[in-house]
Amino acid sequence: MTQEHQGGSRGWAAARKGVWSGLRFTSLRLRLVLVFGLVALTAAVSASGIAYWLNREAVLTRAQDAVLRGFEQEMQNRAGALPEHPSQDELQHTAEQMANSSQRFSVLLVAENSDGKTVYGSSGGLGGFSLADVPESLRTAVNKEQKLTSANKHPYHLYWQRTTKDDTPYLVAGTKVIGGGPTGYMLKSLEPEAKDLNSLAWSLGIATGLALLGSALLAQALATTVLKPVHRLGVAARRLGEGKLDTRLRVSGTDELADLSRTFNSAAENLEKRVADMAGREQASRRFVADMSHELRTPLTALTAVTEVLEEELEYEGEGEGGSFDPMVEPAVRLVVSETRRLNDLVENLMEVTRFDAGTARLVLDDVDVADQITACVDARAWLDAVDLDAERGIHARLDPRRLDVILANLIGNALKHGGSPVRVSVARADDEIVIRVRDHGPGIPEDVLPHVFDRFYKASASRPRSEGSGLGLSIALENAHIHGGEISAENHPEGGAVFVLRLPQDPSPPADGDDSSPEDESKGEDPKGQV
């Protein structure tokens with residue numbers, strides 16, 4: 001197969017696929033085509049039916065009237081010339097003469113001869129038109145003598161009937177000679193007229209099909225004209241939803257679709273302005289928090305040094321080595337020490353949150369044994385006696401050890417602080433993920449609190465605003481999980497206590513600009529490439 005032929009086949013397949021995708025069963029285009037088609041089909045069928053019925057009646061009536069007039073004239077001219085009691089030969093000869101008229105119908109004459117015997121004369125001979133071919137109801141009507149009145153001056157009349165024999169339509173008629181004489185019957189085939197009507201039906205059917213096809217093509221063209229602006233509007237709406245706020249529609253015309261396009265452009269413009277304004281405010285807010293955190297670091301460094309000295313003095317006094325604090329001042333000193341430590345943690349957390357918001361938080365990946373990392377986290381914070389670890393060694397993953405330590409410290413510390421001992425930490429491998437579960441044995445998390453446990457500055461008890469936590473720990477843990485491509489969820493265990501489930505990929509995708517940044521880079525906030 002040549003390359004040109006392959007290209008042509010692919011082009012045809014793509015075009016056919018495009019047509020079928022445009023005419024999917026739920027599309028407005030298909031519904032428009034169907035509606036147009038149904039309307040055209042109904043109109044065409046109605047018009048064709050009416051035309052066929054009118055033409056059928058006209059054709060049959062014209063043929064029928066001509067035949068009946070010819071038969072009636074033949075009965076008057078030829079059958080009327082016969083004697084009152086003709087012989088069979090006379091009837092036969094007259095029937096053949098009548099059949100040779102311009103209408104070419106079959107004739108049957110019935111009369112009584114001079115002996116009172118019924119004789120027959122048929123234009124087709126013994127095997128031709130016979131009395132058995134005449135419906136009994138017609139024979140009865142022909143032979144029935146009518147009462148003479150002012151409106152009815154003859155005792156006998158001409159009667160006719162349409163019948164079908166061997167799928168061929170026929171016209172059968174009969175009458176008596178006025179003034180006495182034989183009874184005559186006529187049989188005329190309507191097959192030529194039936195063929196003409198069949199041809200007419202086929203023509204009307206073809207015209208109906210062409211009308212249906214034309215309506216479908218017209219509907220397709222109109223649908224394309226009408227739906228093209230709608231399609232453009234849909235594409236523009238998707239682009240707008242993807243964050244491309246500079247998307248606008250070309251406006252042409254003065255119809256309703258043009259008004260819709262103008263409304264969309266106006267809404268997009270207002271949205272772009274509002275988002276730009278909000279982005280500016282958010283950036284200013286982040287810059288304020290970052291600047292404030294940096295500015296607080298200098299005095300906090302001095303305060304921390306002072307509080308460390310004060311804390312050592314308190315320890316000396318507690319050991320009985322003699323202290324310089326007045327018993328009335330000692331509680332205030334301890335409060336200053338604890339609040340300074342809390343303020344220092346809060347500033348560090350605010351700086352971490354600022355990095356996430358600014359998109360400067362980056363991973364420093366390393367091959368980590370998860371069990372060893374959890375053990376190191378628990379041991380560094382003297383939690384070994386309160387934590388039950390269920391993790392086999394040898395489960396490795398490429399993670400950022402510092403950020404994993406932050407996640408674990410927040411989850412385990414939160415369980416120890418708000419839950420109940422023992423806190424159980426388990427590690428398992430599921431497909432390409434590492435699943436770490438932290439469960440406590442406390443009262444669990446209230447149902448109204450569960451949706452907000454990862455919100456910033458959220459505290460379950462509003463009456464305890466001065467609790468040790470800042471309300472940022474779980475939020476920072478979640479952000480650190482997200483930067484790894486993982487997730488954290490919280491739920492209550494059926495047997496009591498809360499369960500936090502951390503899912504991390506074993507090998508997260510590397511950042512767009514590398515994963516070799518250092519914590520020092522983050523502390524400076526120098527990352528022009530944005531978040532990973």
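For H482, the NE2 atom sits in a packed shell: over 12 heavy atoms of surrounding residues, nucleotides or ligands are nearer than 6.0 Å. In D167, the CG atom is not crowded: 12 or fewer heavy atoms of neighbouring residues, nucleotides or ligands sit closer than 6.0 Å. Around atom CG of D432, no more than 12 heavy atoms belonging to other residues, nucleotides or ligands sit under 6.0 Å away.
Every side-chain contact (heavy atoms from CB on, under 4.5 Å) that S46 has, sequence neighbours left out, goes to T42.
Taking CG of L213 as the start and CD1 of I206 as the end, the distance is 13.0 Å to the nearest 0.5 Å. Atom CG of L171 is separated from atom CG of L60 by 9.5 Å, given to the nearest 0.5 angstrom. In this structure, CG on N198 lies 11.5 Å from CD on E193, to the nearest 0.5 angstrom. In this structure, the separation between CG on L109 and CD on E90 is 11.5 Å, given to the nearest 0.5 Å.
Counting only distance, with no hydrogens or angles, the side chain of H493 and the backbone of E495 share a donor-acceptor pair below 3.5 Å. In this structure, the side chain of T94 does not engage the main chain of R78 through any donor-acceptor pair within 3.5 Å. Side chain of N480 to main chain of I476: a donor-acceptor pair is present (N/O by atom type, distance under 3.5 Å, no hydrogens or angles).
If you check the side chains of H85 and N113, you find no donor sitting under 3.5 Å from an acceptor.
Salt bridge annotation for R503-E487: absent, with no cationic side-chain nitrogen under 4.0 angstrom from a carboxylate oxygen. Between D259 and R262 there is a salt bridge, with a side-chain nitrogen of the basic residue lying less than 4.0 Å from a carboxylate oxygen of the acidic one.
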Item to check | Evaluation steps, side chain to side chain donor-acceptor pair (under 3.5 Å), between R162 and Q64 | outcome: CA-CA 10 Å; R162 293 175 191 164; Q64 173 181 293; 3.2 Å; yes
Scan the side chains in residues 230-251 for donor-acceptor partners under 3.5 Å anywhere in the protein, sequence neighbours excluded, and list what turns up.
unit_1: T247; atom_1: OG1; unit_2: K244; atom_2: O; d: 2.7
unit_1: R248; atom_1: NH1; unit_2: L245; atom_2: O; d: 2.9
unit_1: R248; atom_1: NH2; unit_2: E272; atom_2: OE1; d: 2.7

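For residues 131-152, every residue pair satisfying the salt bridge (charged side-chain N to carboxylate O under 4.0 Å, His left out) rule, not counting sequence neighbours, is listed here: D133-K165.
Counting all heavy atoms, side chain and backbone alike, A481 lies closest to L502 at CB-CD1, 3.9 Å. Of all heavy-atom pairs spanning V177 and M75, the tightest one is CG2-CE, 3.8 Å. Between V119 and P86 the shortest heavy-atom distance is CG2-O, 3.9 Å.
Side-chain contact check for V501 versus I488: every heavy-atom pair is 4.5 Å or farther apart. Side-chain contact check for I483 versus R403: some heavy-atom pair is nearer than 4.5 Å.
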